[in-house]
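Structure, as structure tokens:
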Amino acid sequence: MNMINIACVIDDDEIYTFAVKRIIAHAKFAEKTLFFHNGQVALDFFAEYIRQTDMLPDVILLDINMPVLDGWQFMDEFAKLVPHIDKKIIVYIVSSSIAEEDYSKAKSIESVSDFIVKPITVEKLHLILEQINAD
């Protein structure tokens, strides 16, 4: 199974991001991982590097509940950038929410590939890699 080049984690929980960094490494999921503590910081990064696709991630692991710009607001703004990005970026919502409305909302967003309930595991990352490598 081939690793992706760049993963991106957008999550404000420092303990979770510490753990997911180790899980990503253990799963041999990505060569490099970008971490952003809210959606606005991530959007600023995407806007800055919109023409430098080698700097942009292949996969985004996006939390819903964050300060400043939450996951849903991030997706609204990210959708405006997607037509200007010459790279396919796969988005997974990764949340502790088990609310049916969050799951349904995620499924209704075209650029969201799936909804993963935290905690993320090596097995879940391997499933993502299998999906990516199958495409």
For residues 69-88, please give each side-chain donor-acceptor pair under 3.5 Å, one per line with the distance, not counting sequence neighbours.
{"unit_1": "Asp70", "atom_1": "OD1", "unit_2": "Trp72", "atom_2": "N", "d": "3.0"}
{"unit_1": "Asp70", "atom_1": "OD1", "unit_2": "Gln73", "atom_2": "N", "d": "2.8"}
{"unit_1": "Gln73", "atom_1": "OE1", "unit_2": "Asp70", "atom_2": "N", "d": "2.8"}
{"unit_1": "Glu77", "atom_1": "OE2", "unit_2": "Lys80", "atom_2": "NZ", "d": "3.2"}
{"unit_1": "Lys87", "atom_1": "NZ", "unit_2": "Thr53", "atom_2": "O", "d": "3.1"}
{"unit_1": "Lys87", "atom_1": "NZ", "unit_2": "Leu56", "atom_2": "O", "d": "2.5"}
{"unit_1": "Lys87", "atom_1": "NZ", "unit_2": "Asp58", "atom_2": "OD1", "d": "3.4"}

Please examine the side chains of Ile116 and Ile120, heavy atoms only from C-beta on, and report whether any two atoms are closer than 4.5 Å.
-> yes

Would you check if Ser95 and Tyr103 make a side-chain contact, meaning some heavy-atom pair closer than 4.5 Å?
-> no

Does a side-chain heavy-atom distance below 4.5 Å link Asp63 with Ile10?
-> no

Results of side chain to side chain contact (heavy atoms under 4.5 Å, CB included) for His126 - residues two or more places apart only = Met1, Ala27, Val122, Leu129

For the residue pair Phe45 and Leu43, establish whether any side-chain heavy-atom pair is separated by less than 4.5 Å.
-> no

Establish whether Val117 and Val112 are linked, either directly or via other cluster members, by ILVMFWY side-chain heavy-atom contacts under 4.5 Å.
-> yes

Mind checking whether Ile64 and Ile93 have side chains closer than 4.5 Å, heavy atoms only?
-> yes

May I have all residue pairs that pass salt bridge (charged side-chain N to carboxylate O under 4.0 Å, His left out) and include part of residues 123-134, sequence neighbours excluded?
-> none

Same hydrophobic cluster for Val9 and Phe18, using side-chain heavy-atom links shorter than 4.5 Å among ILVMFWY?
-> no

Below 4.5 Å, heavy atoms only, C-beta onward: do Val59 and Pro57 meet side chain to side chain?
-> no

Hey, are the side chains of Met55 and Phe46 touching, using non-hydrogen atoms and a 4.5 Å cut-off?
-> no

Which donor-acceptor pairs under 3.5 Å do the side chains of residues 28-40 make with protein atoms, sequence neighbours left out?
{"unit_1": "Asn38", "atom_1": "OD1", "unit_2": "Gln40", "atom_2": "N", "d": "2.8"}
{"unit_1": "Asn38", "atom_1": "OD1", "unit_2": "Val41", "atom_2": "N", "d": "2.9"}
{"unit_1": "Gln40", "atom_1": "NE2", "unit_2": "Asp44", "atom_2": "OD1", "d": "2.8"}

Before giving the answer on side-chain contact (heavy atoms from CB on, under 4.5 Å), spell out for Ile60 and Ile90 the whole-Å C-alpha distance, their side-chain angles and the decisive distance to 0.1 Å.
-> CA-CA 6 Å; Ile60 297 172; Ile90 303 166; over 6 Å; no

Kindly work out whether a path of hydrophobic side-chain contacts (I/L/V/M/F/W/Y, heavy atoms less than 4.5 Å apart) joins Ile89 to Tyr92.
-> no

Is there a side-chain contact between Leu61 and Ile128, using heavy atoms and a 4.5 Å cut-off?
-> yes

Does Leu62 share a hydrophobic cluster with Ile6, counting links as ILVMFWY side-chain heavy atoms below 4.5 Å and allowing steps through other members?
-> yes

Ile132 and Val91: same hydrophobic cluster, using ILVMFWY side-chain contacts below 4.5 Å?
-> no

Keeping to residues at least two apart or across chains, list the side-chain hydrogen bond (donor to acceptor under 3.5 Å, both in side chains) pairs with something in residues 1-24.
-> Asp11-Lys118

Among pairs that include at least one residue of residues 99-117, which meet salt bridge (charged side-chain N to carboxylate O under 4.0 Å, His left out), considering only residues two or more places apart or in two chains?
-> Lys107-Asp114

